[in-house]
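Take a look at the structure below.
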Number of protein chains: 2
Amino acid sequence: MRILPTIEDIAEALHLSKATVSRALRDHPDVSPETKRAVVALAKKLNYEPNRLAQSLRSHKTNTIGVVVPEIAMHFFSSTLSGMQEYALRHDYIIMVCQSMESYQHEKISVHKLASNRVDGLLISLSSETRKVDHLRQLIEKKIPVVLFDRVCDDLDVSKVTVNDYEAAFKAVEYLVKTGCKRVAYVGGPRDLYINAQREQGYLDALRRSNIAPSEDWIIHCKDLHTEPLTATRQLLDLPHTPDAIFCMNDPIAILVMQVLKEQCVRIPDDISVIGFTNEPVSNFIEPSLTTVSQPSYEMGKTAAQLIIEQLERTASFTPVTRELSTELIIRNSTRKLYRKVLET
Amino acid sequence: MRILPTIEDIAEALHLSKATVSRALRDHPDVSPETKRAVVALAKKLNYEPNRLAQSLRSHKTNTIGVVVPEIAMHFFSSTLSGMQEYALRHDYIIMVCQSMESYQHEKISVHKLASNRVDGLLISLSSETRKVDHLRQLIEKKIPVVLFDRVCDDLDVSKVTVNDYEAAFKAVEYLVKTGCKRVAYVGGPRDLYINAQREQGYLDALRRSNIAPSEDWIIHCKDLHTEPLTATRQLLDLPHTPDAIFCMNDPIAILVMQVLKEQCVRIPDDISVIGFTNEPVSNFIEPSLTTVSQPSYEMGKTAAQLIIEQLERTASFTPVTRELSTELIIRNSTRKLYRKVLET
DNA sequence: TTGAAAGCGCTACCAC
DNA sequence: GTGGTAGCGCTTTCAA
């Protein structure tokens with residue numbers, strides 16, 4: 001016998017046909033109870049497991065979901081992966097994971113690889129380099145549904161899971177102003193990434209709402225987020241009117257910014273407040289602890305998985321939905337306290 | 001026509017047989033150059049992609065590797081996943097990821113799920129609850145190779161990727177002693193997990209080598225690693241002779257320990273040195289920065305992927321190997337400086 | 001209630 | 001060089 005028993009093995013042993021065994025195993029109504037019992041018993045005894053490949057080949061369904069994230073090892077994304085995996089497994093799906101390493105080329109390759117592995121659907125958060133999404137359109141043409149999460153884009157008519165980056169940024173900057181900051185700088189990535197633009201716009205509008213005209217000097221776009229925030233910060237400190245707060249597009253940037261401030265003996269938050277975005281675990285442990293915007297990463301992953309599975313199992317026609325999850329401003333010690341403003345006035 | 005073209009579509013269009021088309025696509029030597037060209041051209045035009053399910057069903061090979069980690073969102077593990085994914089993709093494999101959530105039950109379910117999805121091989125780091133590994137033996141019986149990484153166990157004759165936990169712990173404690181610490185406590189998890197035992201043994205032997213008899217009071221085993229280290233630390237502080245150093249089994253424990261020490265106004269490292277294990281990103285940012293043992297997580301993942309792929313593609317018989325990667329003691333500010341000892345003597 | 005047979009898409013054997 | 005065919009393991013008509 002083969003290493004793994006097949007339906008045929010059971011059929012022969014029980015002098016039945018493959019068809020009957022198949023039906024018995026799937027609990028089909030018109031198999032007699034005795035036959036059913038016999039089949040199930042033998043299947044159990046032989047440790048029979050249906051061959052998913054054969055099932056998939058027939059059914060054109062693999063119960064597999066492809067996931068592409070920019071970087072598996074970034075906490076935000078591993079946390080979304082965790083949520084996806086959890087939800088998927090509970091619904092009898094399994095996830096295949098790839099990373100783009102923030103490269104458009106890698107992203108295309110990953111998407112293609114997952115498609116050729118016949119995933120039923122794809123969850124993706126775009127790389128920072130990605131400007132065109134034809135590779136995703138191709139999938140959709142092949143009837144492989146796509147759901148975008150976090151790093152979404154505007155020109156693709158699919159379901160999306162996001163947070164309101166605009167609003168969260170607005171509130172963060174508004175908070176800075178409320179604590180008395182008047183010259184709020186921005187350090188972020190390029191505007192072509194949708195969520196970057198959203199955060200920056202939130203920043204701009206919050207200032208304008210407070211009748212502060214954002215100066216061009218205050219706004220710095222970094223291409224390389226690992227090193228440029230360092231020089232950006234020095235640049236800000238060299239300004240004739242140094243800022244009294246820096247809104248950072250994410251926590252890693254904020255950490256670099258704080259590093260320079262500390263080196264230059266700038267007191268945080270007394271001289272300059274710093275605020276981040278994402279609420280990475282480290283932001284709670286850095287000194288001073290970082291005020292930041294928390295994003296429900298696990299929840300985002302779970303929701304993305306839910307949306308795609310619902311879409312996969314829906315028989316009727318389907319309209320894309322956008323699920324916007326809520327963020328929270330986590331106030332820690334890198335920003336001035338609110339009451340100071342009150343005392344000052 | 002179907003949504004996706006098949007070999008048959010190409011065959012019909014070109015008035016060839018499926019067999020010839022198949023051969024042409026796989027660049028079989030005895031297909032005439034013209035036929036080959038024609039087939040390849042049409043395949044390209046139609047955007048033809050072989051159906052992996054069909055291929056797999058025939059070849060009994062899915063080019064898929066299952067991975068089970070305790071928690072995807074733990075940095076150490078997401079970093080290993082990253083290494084695996086990278087290596088796997090480059091070698092035309094894709095990874096299917098599950099997490100055990102440190103639960104033996106979850107682990108069994110995950111392993112089973114991956115097996116029923118016909119992964120070619122399995123990479124696994126055991127959950128902290130796992131004592132028996134029959135679920136893995138079953139895989140091996142089904143000819144699905146298994147490779148253990150990091151959280152390995154002794155009684156399974158498979159390839160393994162580890163660090164020398166014993167030696168790394170030994171060196172860490174030795175360092176503490178060299179900096180003048182004489183009463184070194186240990187806060188860790190249960191001994192039944194192999195790597196925990198290794199680390200603890202390294203601790204014990206390092207002390208003995210320095211002619212320090214480890215006191216029972218100094219050694220605390222926590223079941224719940226999220227809360228018990230807090231009480232454990234208080235317990236240590238209540239000792240008649242409080243320790244002058246605490247060796248923690250991993251960084252998260254060290255962070256909790258430091259939290260209590262700070263609350264109790266114990267100076268780190270002046271009163272008590274603290275040392276961790278794993279070199280999580282946060283350990284660099286906490287105040288004071290944490291001395292710890294760095295583990296090459298990305299490298300471990302990559303190596304694990306490499307071992308399993310080599311095993312899968314080896315035709316000859318195979319003997320398990322153990323790859324032990326090297327660690328490094330990262331000296332930061334949570335331990336006394338070495339020169340103090342020199343000055344004191 | 002059960003069985004025979006076709007077919008999912010591919011590859012490999014054997015024949016020509 | 002090329003084609004016919006069987007078969008990977010399963011499900012699902014259709015017929016009995």
Side-chain angles (χ1 to χ4, degrees), chain A residues 1-40 42-43 46-64 92 115-120 142-143, chain B residues 1-40 42-43 46-64 92 115-120 142-143:
Chain A
M1 193 163 85
R2 308 163 184 78
I3 296 173
L4 298 177
T6 71
I7 263 187
E8 189 155 16
D9 298 322
I10 299 182
E12 280 177 10
L14 261 36
H15 301 290
L16 288 167
S17 72
K18 294 191 296 176
T20 308
V21 174
S22 174
R23 281 188 281 246
L25 288 170
R26 334 190 84 238
D27 207 23
H28 191 92
D30 36 77
V31 177
S32 81
E34 308 121 75
T35 323
K36 221 175 259 184
R37 258 196 301 280
V39 168
V40 171
L42 183 56
L46 294 180
N47 236 314
Y48 168 81
E49 295 230 31
N51 184 332
R52 287 228 177 200
L53 293 170
Q55 288 179 320
S56 298
L57 182 60
R58 256 208 68 107
S59 64
H60 300 281
K61 182 139 184 9
T62 57
N63 274 45
T64 281
D92 198 31
S116 82
N117 272 277
R118 293 309 205 258
V119 293
D120 288 339
K142 290 182 192 164
K143 304 293 175 213
Chain B
M1 194 163 85
R2 308 164 184 77
I3 297 175
L4 299 175
T6 72
I7 263 186
E8 190 154 17
D9 297 322
I10 300 182
E12 280 176 11
L14 261 36
H15 302 291
L16 287 168
S17 71
K18 296 191 296 176
T20 307
V21 174
S22 173
R23 280 188 285 244
L25 289 170
R26 336 188 83 236
D27 207 25
H28 191 92
D30 39 70
V31 178
S32 81
E34 309 119 76
T35 325
K36 220 175 262 185
R37 259 196 301 280
V39 168
V40 170
L42 183 57
L46 294 180
N47 238 314
Y48 168 80
E49 294 232 31
N51 183 331
R52 285 226 179 204
L53 293 171
Q55 289 179 320
S56 297
L57 182 60
R58 258 209 66 107
S59 64
H60 301 280
K61 182 139 183 8
T62 56
N63 274 44
T64 282
D92 197 31
S116 82
N117 272 277
R118 292 310 205 257
V119 294
D120 288 338
K142 290 183 192 163
K143 304 291 176 214

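Order of the sequence lines sets the chain letters (A, B, ...), proteins ahead of strands, with each chain counted from 1.
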Does [X] have any side-chain hydrogen bond (donor to acceptor under 3.5 Å, both in side chains) partners at least two apart in sequence or in another chain, and if so, which?
X: A/Ser116; value: none
X: B/Ser17; value: B/Thr20
X: B/Lys18; value: none
X: A/Arg23; value: none

### Query
Please, which pairs that meet salt bridge (charged side-chain N to carboxylate O under 4.0 Å, His left out) have at least one residue in residues 24-33 of chain B, sequence neighbours excluded?
B/Asp27-B/Lys36
### Task
Establish, with yes or no, whether the OP1 or OP2 oxygen of C/dG3 is under 4.0 angstrom from a side-chain nitrogen or oxygen of A/Ser17.
yes
### Query
Within less than 4.0 Å of OP1 or OP2 of D/dG9, is there a side-chain N or O belonging to A/Tyr48?
no
### Task
Could you go through the side chain to side chain contact (heavy atoms under 4.5 Å, CB included) check for A/Leu16 and A/Val39 one step at a time?
CA-CA 9 Å; A/Leu16 288 167; A/Val39 168; 3.8 Å; yes
### Message
Give the residues of residues 29-36 of chain A touching DNA chain D, defined as any heavy atom closer than 4.0 Å, sorted by residue number.
### Response
none
### Query
In residues 49-62 of chain B, what residues come within less than 4.0 Å of DNA chain D, judged by heavy atoms?
B/Leu57, B/Arg58, B/His60
## Note on the structure
Smallest heavy-atom separation, A/Leu46 atom then A/Pro5 atom, equals O-CG, 3.4 Å
### Summary
B/Asp9 and B/Thr6 have their tightest heavy-atom pair at OD2-N, 2.8 Å
### Task
Could you list the residues that satisfy side-chain contact (heavy atoms from CB on, under 4.5 Å) with A/Arg58, not counting sequence neighbours?
none
### Query
Of all of residues 19-28 of chain A, which get a heavy atom below 4.0 angstrom from DNA chain C, listed by number?
A/Ala19, A/Thr20, A/Arg23
### Message
For a quick check under 3.5 Å, do A/Asp120 and A/Thr62 share a side-chain donor-acceptor pair by atom type?
### Response
yes
### Message
Please report the end-to-end axis angle for the helix from C/dT1-D/dA16 to C/dC16-D/dG1, five pairs per end, rounded to 10 degrees.
### Response
50°
Whole angstrom is fine here: how far is it from [atom1] in [X] over to [atom2] in [N]?
X: B/Arg37; N: D/dG1; atom1: CZ; atom2: C1'; answer: 15 Å
X: A/Ile7; N: D/dG7; atom1: CD1; atom2: P; answer: 18 Å
X: A/Glu8; N: D/dC10; atom1: CD; atom2: P; answer: 9 Å
X: B/Ile10; N: D/dG3; atom1: CD1; atom2: P; answer: 14 Å

### Task
Answer whether the closest heavy-atom distance between the side chains of A/Ile10 and A/Ile7 falls below 4.5 Å.
no
### Task
For the residue pair A/His60 and B/Leu4, establish whether any side-chain heavy-atom pair is separated by less than 4.5 Å.
no
Just list the side-chain donor-acceptor pairs under 3.5 Å for residues 49-57 of chain B, sequence neighbours left out, or say none.
residue : atom : partner  : partner atom : Å
B/Glu49 : OE2  : A/His112 : NE2          : 2.6
B/Asn51 : OD1  : B/Leu53  : N            : 2.8
B/Asn51 : OD1  : B/Ala54  : N            : 3.4
B/Arg52 : NH2  : B/Asp92  : OD1          : 3.1
B/Ser56 : OG   : B/Arg52  : O            : 2.7
B/Ser56 : OG   : B/Lys61  : O            : 3.0

